[in-house]
There are 2 protein chains.
Amino acid sequence: MISQKCQYALRAVFELARQAGQGPVKIGRIAEAQAIPVRFLEAILNQLKQGGFVNSRRGQEGGYFLVHDAGKLTVGQVIRFFEGPIGPVGCTDGKNKPRCPLWGSCVFLGMWERVGQAIAEVYDGTTFTDLLEQEKALTSAGCKIKSR
Amino acid sequence: MISQKCQYALRAVFELARQAGQGPVKIGRIAEAQAIPVRFLEAILNQLKQGGFVNSRRGQEGGYFLVHDAGKLTVGQVIRFFEGPIGPVGCTDGKNKPRCPLWGSCVFLGMWERVGQAIAEVYDGTTFTDLLEQEKALTSAGCKIKSR
DNA sequence: CGCATTGTCTACTATGTCAATTGACTACGT
DNA sequence: ACGTAGTCAATTGACATAGTAGACAATGCG
C-alpha cells in the first residue's frame with residue numbers, strides 16, 4: 001500500500017511538472033491545486049528537496065521547482081524514496097534485511113518476487129510527462145470535471 | 001504490503017494443503033512446521049474458518065482441514081479475505097469507499113489500476129497446488145535447506 | 001534600513017493498526 | 001469424568017502515520 005504521504009508527494013511533484021518553466025511555485029498554490037494540508041506538504045517538500053528531486057527559492061517571489069526534467073523522472077523513483085524497496089513483502093530484498101525463519105524453503109518467495117517485478121515495471125515505466133499527457137486526455141474528452 | 005497475519009494465514013493454508021487426506025491437523029503441528037506463534041495462529045484459523053476456507057474437529061483426534069480442494073483455492077482468495085481489495089491505494093474501488101477530493105481528475109488513477117490488475121493476476125493465478133509443486137522443485141534440486 | 005513574504009527547522013501529539021498475549025470457556029472421544 | 005483440543009473476547013505494547021505548532025532564516029521591495 002502506498003502511504004498518504006507518498007501520494008501527496010507524487011501529486012506535489014506532478015503539480016510542479018505542470019507548472020514548470022513559469023518560475024518557482026508557491027507552497028500554497030501546490031497545496032490548493034492538489035488538496036494537500038499546507039503544513040504537512042511543507043515537510044514533504046522538504047524531504048523531496050533532500051532527496052534531490054526539487055529545489056527552492058526563498059523570499060518574495062520564492063517557491064519550489066523541479067531539479068530534473070519531468071520526462072526523466074519516473075513515479076518509481078519517488079515511491080522508492082518514500083517507501084523503500086517496492087514489493088508486497090519485506091523478505092524479498094534478499095541481502096540485507098531480517099530474514100524470516102523459513103528462508104530458502106519458503107514456497108511463496110517466487111510469487112512475491114513476480115508480483116514485485118510486475119509492480120516495479122509499471123512504476124518505473126511511468127514518467128511525469130506521461131502523466132501530463134494523461135491529464136490532457138482527461139480534460140479533453142467530456143470528463144467528470146465538467147459534467148458535475 | 002501484505003501483513004504478517006495474512007502471510008501466516010497463507011502458510012497455514014499451505015500446510016493444510018500439504019497434509020490433506022491424512023485427517024485433521026493439530027494447531028500445534030501447523031505452528032511448528034510454519035514457524036507461527038501458536039496462540040496467534042489460533043485466531044487466524046478461527047478467521048479462516050469463518051471465511052469458509054477451513055473446518056475443524058474437536059476432541060482427542062481433532063484439528064483443522066481444508067474445506068475445498070487445494071487446486072481450486074487461490075492465493076488471491078485468501079489475501080482478499082484478510083486484506084480487502086487488492087491494489088496499491090484505497091481509491092481504486094470506485095463505488096463504495098471514501099472518494100478522494102480529486103475524484104475524476106486524478107491523473108494517477110489509471111496507473112494505480114494497472115498495478116492492481118497486475119498484482120491480482122499473479123495472486124489469482126496461483127493455486128495452492130501450484131505451491132505444492134513449487135515445493136517439490138525446491139527440495140529436489142540441491143537447495144539451501146541441505147547445503148546450509 | 002525595515003518590513004512583509006516565503007521557505008526552513010525541530011519538536012510534538014493525536015490516531016490507528018498490527019502483532020501478539022491472556023484467561024476463561026466449550027466440545028469431543030475414550 | 002477426564003484430558004485433549006478448539007473457541008471466544010478483551011487487552012496490551014510497539015510502532016508508523018497523519019497532521020500540528022511555533023520559532024527561525026533568507027529574500028526582495030520601498
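All figures in this text were calculated on a predicted structure; none of them were measured in a lab. Convention: sequence-line order gives letters A, B, ...; per-chain numbering from 1.
- No continuous path of ILVMFWY side-chain contacts below 4.5 Å connects A:M1 to A:I79, so the two sit in separate hydrophobic clusters.
- Phosphate proximity of C:dC9 to A:N46: present, with a side-chain N or O under 4.0 Å from OP1 or OP2.
- Evaluation of the ring-ring contact (aromatic ring centres under 6.0 Å, His included) test over residues 54-84 of chain A, restricted to residues two or more places apart or in two chains, returns A:F53-A:F81.
- In this structure, A:Q117 places its CD atom where only 12 or fewer heavy-atom neighbours from other residues, nucleotides or ligands lie under 6.0 Å away.
- Using a 4.0 Å cut-off, no side-chain N or O of B:Y8 falls inside it from OP1 or OP2 of C:dC18.
- Distance check: B:C91 SG to B:E113 CD gives 9.0 Å after rounding to the nearest 0.5 Å.
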Item to check | Protein-to-nucleotide contact annotation, 5' to 3' order, nucleotides 22-30 of chain C [B base; S sugar-phosphate only; - none; under 4.0 Å, heavy atom] | outcome: BB--BBB--
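- One atom, CG of A:L48, and another, C1' of C:dG7, lie 15 Å apart when rounded to the nearest Å.
- Taking atom CE of A:M1 as the reference point, atom P of C:dC18 lies 10 Å away to the nearest angstrom.
- Taken to the nearest 0.5 Å, the CD atom of A:E83 stands 9.0 Å off from the OH atom of A:Y123.
- Note that the CD1 atom of B:I30 and the CG atom of B:L45 stand 5.0 Å from one another [nearest 0.5 Å].
- Rounded to whole Å, the distance from CD1 on B:I44 to P on C:dA20 is 8 Å.
- Contact check on A:E42 versus A:R39 returns a salt bridge, with a Lys/Arg side-chain nitrogen under 4.0 Å from an Asp/Glu carboxylate oxygen.
- Both A:Q50 and B:I2 lie near DNA chain C, and the one whose nearest nucleotide falls closer to the 5' end is A:Q50.
- A:S56 has a side-chain polar atom (N or O) that falls below the 4.0 Å cut-off from OP1 or OP2 of C:dT8.
- A salt bridge links A:E15 with A:R18: at least one charged nitrogen is closer than 4.0 Å to a carboxylate oxygen.
- Protein atom CD of A:Q7 is 16 Å distant from nucleotide atom C1' of D:dG19, rounded to whole Å.
- Taking a 4.0 Å limit (strictly below) on heavy-atom distances, residues 19-32 of chain A does not reach DNA chain D anywhere.
- Remark: P of D:dA5 and CG of B:L45 are 15 Å apart, rounded to the nearest angstrom.
- With rounding to whole Å, A:K49 atom NZ is found 8 Å from C:dG7 atom C1'.
- Between the P atom of C:dA20 and the CD atom of B:Q47 lies a distance of 14 Å, rounded to the nearest Å.
- B:F82 comes within contact range of no nucleotide atom at all, as no heavy-atom separation falls under 4.0 Å.
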Item to check | CA sep, side-chain torsions, deciding dist, call: B:Q7, A:F108, side-chain contact (heavy atoms from CB on, under 4.5 Å) | outcome: CA-CA 9 Å; B:Q7 290 185 55; A:F108 294 98; over 6 Å; no
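- Atom pair B:Q4:CD and D:dA14:C1' shows a separation of 14 Å (rounding to whole Å applied).
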